[in-house]
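Every chain is numbered from 1, with letters handed out A, B, ... down the list of sequences. Just the heavy atoms: all of them, side chains too, but no hydrogens, waters or symmetry mates, feed the values below.
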Amino acid sequence: MKILPLSFYVRDTKKVAIELLGKLLVRKYRGKTYCARIVETEAYLGVNDRACHTFGDKRTKRTRSMYLDGGHAYVYLIYGMYHCLNVVTRTREHPEAVLIRAAEPVSGFKTIDKKLLAGPGKLCREMKITKKEDGLSLLSERLWIADDGFKVPRSQVKSSPRIGIDYAKEHKDLPLRFHILV
DNA sequence: AGTGAGATGGCCT
DNA sequence: GGCCATCTCACTA
């Protein structure tokens, strides 16, 4: 069980999005440890990607942590009631990130129902991830991603358009969503 | 099985 | 004031 090092995150965002599939997301909160296998991600490619919060180099209070170096968490509130967890990639000169859209429970959860963490809002709700974790290092004690040797053959990785970004005009159909085929 | 609406709040213009 | 990188439940068929 190897914690992913900084060098994993400071790379091409699309590559990171694909290689995060099958990795273990681990969260420690109030004495409990939640562990889940990542099965769906989306790449957000920074200042030139209309779907990305940093499109046009938009530096706001919300996007602040996207301008950290790779290996940090970017967490934001959506629809007033849900949070979304992103993994910041590349360097601070390239505000890009990977949205963790879904995972499957491995340990620490009340159920191992595969639907439990299917969706970015549910994942954050069940893993107790909120704005408090925004900007947190993924080499921290409370939140990290690990490789337990689980292999995902590239032939099992399917790409498709990203979800819920109809406003992104010419970028809305880019195949930047990745998930593991069942 | 598939569609539609409501909840709800921080942040941008 | 209006928009969201969502989820759930109620409704149709």
When rounded to whole Å, the CG to P distance for the pair A:L116 and C:dT8 reads 10 Å
Measuring to OP1 and OP2 of C:dT8, would you say a side-chain N or O of A:R125 lies under 4.0 angstrom away?
yes
In whole angstrom, give me the gap between the P atoms of C:dA13 and B:dA5.
15 Å
Output yes when at least one side-chain N/O atom of A:Y82 is less than 4.0 Å from OP1 or OP2 of C:dC4, else no.
no
Rounded to whole angstroms, how far apart are CG on A:L123 and P on C:dC7?
9 Å
Partner of C:dA5 under the Watson-Crick or G-U wobble criteria, both distances under 3.5 Å, comes out as none
Counting N and O atoms only, with roles assigned by atom type, does the side chain of A:T13 sit under 3.5 Å from a partner on the main chain of A:E96, one being a donor and the other an acceptor?
no
Rounded to whole Å, the NE2-C1' distance (A:H171 to C:dA5) equals 16 Å
Across the strands shown, which category fits A:G80 at heavy-atom distances under 4.0 angstrom: base, sugar-phosphate, nothing?
base
Applying side chain to side chain contact (heavy atoms under 4.5 Å, CB included), run through A:E133 and A:R27 and close with a yes or a no.
CA-CA 11 Å; A:E133 280 63 55; A:R27 163 73 169 147; 3.2 Å; yes
Separation between the P atoms of C:dA5 and B:dT13, rounded to whole Å:
14 Å
Counting the atoms with a prime plus P, OP1 and OP2 as sugar-phosphate, which does A:K122 contact under 4.0 Å by heavy atoms, base, sugar-phosphate, or nothing?
sugar-phosphate
Stepwise side chain to side chain contact (heavy atoms under 4.5 Å, CB included) check, A:I165 with A:Y44:
CA-CA 11 Å; A:I165 53 150; A:Y44 286 87; 3.9 Å; yes
May I ask you to say whether A:E104 pairs ionically with A:R37, meaning some side-chain N is under 4.0 Å from a carboxylate O?
no
Derivation of the side chain to side chain contact (heavy atoms under 4.5 Å, CB included) call for A:L138 and A:L6:
CA-CA 9 Å; A:L138 295 176; A:L6 215 50; over 6 Å; no
Separation of A:L77 atom CG from B:dC12 atom P, in whole Å?
13 Å
In whole angstroms, how far is the P atom of C:dA5 from the CE atom of A:M81?
16 Å
Selection from B:dC12, C:dC4, C:dT8 that lies nearest to any side-chain heavy atom of A:K61
B:dC12
d(CD1, A:I100; C1', C:dT6) in whole Å:
16 Å
Would you mind reading off the distance between A:R162 atom CZ and C:dT6 atom P, rounded to a whole angstrom?
12 Å
Using a cut-off of less than 4.0 Å, is there contact between a side-chain N or O of A:T60 and OP1 or OP2 of B:dC12?
yes
Judged by nearest nucleotide, the residue sitting upstream toward the 5' end of DNA chain B, A:Y79 or A:R62, is A:Y79
Rounding to an integer number of Å, can you tell me how far A:R101 CZ sits from C:dA5 C1'?
7 Å
Does any donor-acceptor pair link the side chain of A:Y76 with the base of C:dA5 at a separation under 3.5 Å?
yes
Have a look at A:L99 and say if it touches a base, only the backbone sugar-phosphate, or nothing, with a 4.0 Å heavy-atom cut-off.
base
pair_partner(B:dT8), Watson-Crick or wobble, both distances < 3.5 Å, evaluates to none
Test: A:R50 and A:E170 ion pair at under 4.0 Å
yes
Base, sugar-phosphate, or nothing: which does A:A168 touch, judged by heavy atoms less than 4.0 Å apart?
nothing
